[in-house]
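Let me begin by presenting the structure, written as structure tokens, before commenting on it.
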Amino acid sequence: MMEAAILDAVNGGKLAQLAGLAARYADPAFSIAHGGHVRTIAAGHYTVAGLSKHVRLGEFVAHRSATGIHLGEVVRVEPDVVYVCPIEPGEPIGIGDTVIRKGAFRVSPDDSWCGRTINSLGEPIDGKGPITKGLSPRSIANTAPPSMTRSRVEKGFKTGVRAIDIFSPLCLGQRLGIFAGSGVGKSTLLSMLARADAFDKVVIALVGERGREVREFIEDTLGDNMAKSIAVVATSDESPMLRKMAPLVAITIAEHFRDQGDNVLFIADSVTRFAHAIREVAVASGEPPIARGYPASVFTELPRLLERAGPGVEGAGTITAIISILVDGDNHNDPIADSTRGILDGHIVLDRSLAEEGRYPPINPLASISRLARKAWTEDQEKLVSRLKSLVHRYEETRDLRLIGGYRAGSDPDLDMAIKQVPVIYEVLKQTPGEKPALDAYTDLANALRAAAGQPNPPSAMARR
Ligand SMILES: Nc1ncnc2c1ncn2[C@@H]1O[C@H](COP(=O)(O)OP(=O)(O)OP(=O)(O)O)[C@@H](O)[C@H]1O
Ligand SMILES: [Mg+2]
């Protein structure tokens with residue numbers, strides 16, 4: 001039919017008609033899709049008969065109901081039926097309703113998305129009008145580039161947060177986790193890191209946040225970086241499917257920019273809530289839990305997401321990932337913290353006790369590690385940091401002893417030095433989100449130590465300030 005219509009149009013020289021037909025052919029909605037019917041309905045999922053041979057796990061289907069077309073994800077495939085988790089809970093589903101295969105969920109990122117906030121479906125939610133779709137749709141279930149084709153991670157950058165730039169400096173393309181209990185300062189630290197000026201683009205996934213925090217994060221903290229940032233938001237009241245999709249949509253957008261050669265910062269707050277969303281979806285579809293209520297799929301999805309960050313193939317840009325991980329009841333060995341720590345190239349540990357002392361950001365310099373720090377440090381800096389760490393360690397291990405007056409000054413020169421210098425170091429590491437990012441953390445530290453020792457700062461250092 002279609003071919004005959006095209007021939008007709010060509011022979012008749014009807015260009016407009018020909019263009020119309022070509023557009024219809026190009027429209028994915030025009031292609032014939034496989035369909036089935038709803039067989040059973042449960043609280044978190046429904047089953048569809050007739051699609052088992054035509055869909056794959058993780059693909060999307062569209063369910064037609066009285067209120068329109070609703071998407072759902074295939075979470076289990078059996079010989080007779082497939083299990084589908086609807087994206088929006090509460091949609092009216094009836095036995096026998098038609099369900100059509102849609103394939104992978106795709107987003108079409110575009111440069112014009114910078115400065116915008118979207119939801120997990122790729123729709124704008126910032127009230128700034130519609131967004132333009134890019135020319136190349138990308139599946140949110142993409143996989144990472146093959147490891148041997150990826151360029152190496154070796155270029156350091158400054159985050160502007162002194163405690164990180166000194167003790168655990170980062171490289172472009174690194175994947176870093178921020179581990180802490182609730183309310184210790186993860187989101188605040190992430191917002192400070194989002195202002196690093198080493199990046200061409202910043203893509204932020206806010207998963208399961210409180211609605212109030214979202215505007216705060218985007219409007220107050222991004223500052224000048226807002227123009228090069230895109231936020232993907234799924235708040236705590238949204239469905240687990242939308243919460244699960246937000247980081248996947250965000251990393252897909254980050255990949256789009258990385259492939260254009262940009263250095264992208266990908267921020268996810270929090271990955272634990274992403275894991276909770278996967279758990280909710282999996283439990284609803286009957287997947288058995290294996291560790292602390294988490295099903296096996298959580299432990300395959302997490303590395304899949306994080307592996308997508310990192311350097312691109314030679315010639316492309318990089319995705320530097322900084323993610324937050326909530327450690328349940330301050331237990332740093334919970335299954336999500338444990339499995340992510342193994343996948344990442346470094347972890348920053350925030351201590352509740354430091355926050356309680358008002359030492360913000362409450363980064364524990366001894367427990368935090370950047371596995372790529374060596375590539376970011378100069379030889380002198382590495383030696384200096386190792387010396388600083390030993391001073392801090394000495395100071396902390398003798399804290400109780402000194403408190404009860406069990407140490408007499410002068411008996412251990414190393415400890416005497418630690419007692420003099422460590423409080424100065426701690427003071428330099430303090431930083432609030434309102435402060436400007438630090439341009440040169442080492443110089444700040446050197447100046448403070450010199451001032452504490454009563455030595456004047458060299459003129460070059462003074463000029464820089
Ligand atoms: N660098 C900082 N300077 C001053 N105050 C800070 C800093 N970081 C955190 N805080 C204080 O700690 C509070 C909690 O911080 P934040 O919301 O970042 O914690 P969180 O770990 O993300 O919490 P949640 O687990 O609830 O998401 C903030 O409201 C703020 O008062
Ligand atoms: Mg938070």
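Keep in mind that the numbers below use all heavy atoms, side chains included, and drop hydrogens, waters and symmetry copies. Counting starts at 1 for both ligands and their atoms, in listed order.
- Distance from atom 10 (N) of ligand 1 to its nearest protein heavy atom, with residue and atom name: Tyr360 CE2, 3.4 Å.
- Distances below 4.0 Å separate heavy atoms of Pro433 from the following atoms of ligand 1: 1 (N), 2 (C), 3 (N).
- Side-chain contact between Val82 and Val84 is present, with heavy atoms from C-beta onward closer than 4.5 Å.
- Both cation-pi conditions hold for Arg402 and Tyr395: the charged atom is under 6.0 angstrom from the six-membered ring centre and inside a 45 degree cone around its axis.
- Between Ser187 and ligand 1, a contact under 3.5 Å exists for at least one N or O pair.
- Interface atoms of ligand 1 facing Ser182, defined by a heavy-atom separation under 4.0 Å, are 25 (O).
- No donor-acceptor pair closer than 3.5 Å links the side chain of Ser139 to the backbone N or O of Ala104.
- The contact set between ligand 1 and Gly185, taken as ligand atoms under 4.0 Å from a residue heavy atom, comprises 9 (C), 15 (O), 16 (P), 18 (O), 19 (O), 20 (P), 21 (O).
- Of the protein's heavy atoms, Lys186 NZ, 2.9 Å lies nearest to atom 25 (O) of ligand 1.
- Put simply, the side chain of Leu206 reaches to within 4.5 Å of the side chain of Ile204, judged on heavy atoms.
- Ligand-side atoms of ligand 1 in range of Arg273: 27 (O), range being under 4.0 angstrom from any heavy atom.
- Side-chain contact, Glu255 with Thr252: no donor N or O sits under 3.5 Å from an acceptor N or O.
- Within the 4.0 Å cut-off (strictly below), no protein heavy atom is located near atom 31 (O) of ligand 1.
- With respect to atom 16 (P) of ligand 1, the closest heavy atom belonging to the protein is Thr188 OG1, 3.5 Å.
- In this structure, the separation between CZ on Arg243 and OG on Ser236 is 7.5 Å, given to the nearest 0.5 Å.
- Between Met241 and the options Ile87, Leu71, Ile278, a side-chain contact (heavy atoms from CB on, under 4.5 Å) holds for only Ile87.
- Residue Ser187 counts as close to the Mg ion (ligand 2), with an N, O or S atom under 2.8 Å.
- Looking only at heavy atoms of the protein, atom 1 (N) of ligand 1 is closest to Gln431 O, 3.1 Å.
- Ring-plane geometry between Phe179 and His347 is classed as perpendicular, the angle between the planes exceeding 60 degrees on a 0 to 90 degree scale with a lower cut at 30.
- In this comparison of Ala180, Gly183, Pro361, Gly181, the heavy atom closest to atom 14 (C) of ligand 1 sits on Gly183.
- Counting the atoms of ligand 1 from 1 in the order shown, those under 4.0 Å from a heavy atom of Arg210 are 26 (O).
- In this structure, the side chains of Tyr407 and Ile419 come closer than 4.5 Å at one or more pairs of heavy atoms.
- Considering backbone and side-chain N/O atoms, Val184 comes within less than 3.5 Å of an N/O atom of ligand 1.
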